[in-house]
Structures are given as C-alpha cells and as structure tokens.
Amino acid sequence: MVIGKNEGADIPLGTTFSGIRKGRVDGDLMHLRSIDLGVVANVHLTLKQVLWFGRNIQVVPGGHAAGLMVEGEGLSVLSDALQNAAPREYVALTAPLPSRESV
C-alpha cells in the first residue's frame, strides 16, 4: 500500500494507471513551483483498494490523500521510484482520462 494524493477528479476502483512520472518542487515557501521531470516508466497498475480515514471506499476523492493498493505490472518500478526519489522530488501515477461519449 502507498499513500497518494489526488489533485484532480475522483479516481474509481478499477482505474488502470499507465505511467509513472516524477516532479520536483523548487523555490522557497513564498515562491514554490513544481517542475515536471517527465515519465519514468510505463506501467499497467490497477487500483484495487482505497483506504481513506480508516475505511475502504470506492474512489480516491479529488483533493484528498488515501492509501492505495495497486496490482499489476510495474510494482517494482514504482517501489524503486519512490525509494530513490531525491529530496523535493515526488512520484505520480498517471491514467488516461475517461472518454466522454455523446449520447
């Protein structure tokens, strides 16, 4: 299980993450900026469990942090990226946006 923060829309169980990106926070407290360091690896990790405030829920809520249980190809790459992140670096899982089909 890893702790992740969702800065966007809700992420439902079953979402498959396809990439790992790294970023870095630069600047001082009054002038912080985030720098995208690019894709570290392509993966195929599926969100199987979300633990939020001690209970299992169906989505990672937008704007919140939660415990994430993922399964699939790329777990060792994710582990390495997290363990080897330099000071002020962060690791992000990316997933394709759901398609919006017109009815």
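Throughout, numbering of the chain's residues begins at 1 and tracks the sequence.
- No chain of hydrophobic side-chain contacts below 4.5 Å, direct or via other Ile, Leu, Val, Met, Phe, Trp or Tyr residues, connects Leu51 to Phe17.
- Side-chain contact between Arg88 and Leu32 is present, with at least one heavy-atom pair separated by less than 4.5 Å.
- Hydrophobic clustering, with ILVMFWY side chains joined whenever heavy atoms are under 4.5 angstrom apart, groups Leu93 together with Val2.
- If you take CD1 on Ile35 and CD on Glu89, they are separated by 10.5 Å, rounding to the nearest 0.5 Å.
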- Message: Checking Glu71 against Thr46 for the side-chain contact (heavy atoms from CB on, under 4.5 Å) test, could you report, in this order, the C-alpha distance in whole Å, the side-chain angles of both residues, the deciding distance, and whether it holds?
- Response: CA-CA 5 Å; Glu71 293 179 355; Thr46 302; 5.5 Å; no
- Message: Before you tell me yes or no, could you show the steps for Val91 and Val40 under side-chain contact (heavy atoms from CB on, under 4.5 Å), namely the whole-Å CA-CA distance, both residues' side-chain angles and the distance that decides it to 0.1 Å?
- Response: CA-CA 9 Å; Val91 175; Val40 174; over 6 Å; no
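- Here the closest heavy-atom approach between residue Gly72 and residue Leu75 is recorded as O-CG, 3.8 Å.
- With values rounded to the nearest 0.5 angstrom, Ile11 atom CD1 is found 14.0 Å from Gln58 atom CD.
- The nearest pair of heavy atoms linking Trp52 to Ala65 is CD1-O, 3.2 Å.
- With values rounded to the nearest 0.5 angstrom, Lys48 atom NZ is found 11.0 Å from Thr15 atom OG1.
- Not counting sequence neighbours, the partners of Asn56 by the side chain to side chain donor-acceptor pair (under 3.5 Å) test are Gln49.
- Under the 3.5 Å distance criterion, the side-chain polar atoms of Asn6 are matched with a main-chain donor or acceptor of Val60.
- Here Asp28 pairs with nothing under the salt bridge (charged side-chain N to carboxylate O under 4.0 Å, His left out) rule; sequence neighbours left out.
- Taking all atoms of both residues into account, the shortest heavy-atom contact from Ile20 to Thr94 is N-OG1, 4.4 Å.
- Between Leu37 and Arg24 the shortest heavy-atom distance is CD2-NH1, 3.7 Å.
- Although no hydrogens or angles enter the test, the distance criterion places no donor-acceptor pair under 3.5 Å between the side chain of Asp36 and the main chain of Gly23.
- Leu82 and Val43 fall within a single hydrophobic cluster, where Ile, Leu, Val, Met, Phe, Trp and Tyr side chains are chained together by heavy-atom contacts under 4.5 Å.
- Looking at every heavy atom in both residues, Pro12 comes nearest to Leu47 through O-CD2, 3.6 Å.
- Both Leu68 and Phe53 belong to a common hydrophobic cluster when Ile, Leu, Val, Met, Phe, Trp and Tyr are linked at side-chain heavy-atom distances under 4.5 angstrom.
- Of the inter-residue distances, the one linking Asp10 atom CG with His64 atom NE2 reads 8.5 Å to the nearest 0.5 angstrom.
- Leu13 and Val59 end up in different hydrophobic clusters when Ile, Leu, Val, Met, Phe, Trp and Tyr side chains are linked at under 4.5 Å.
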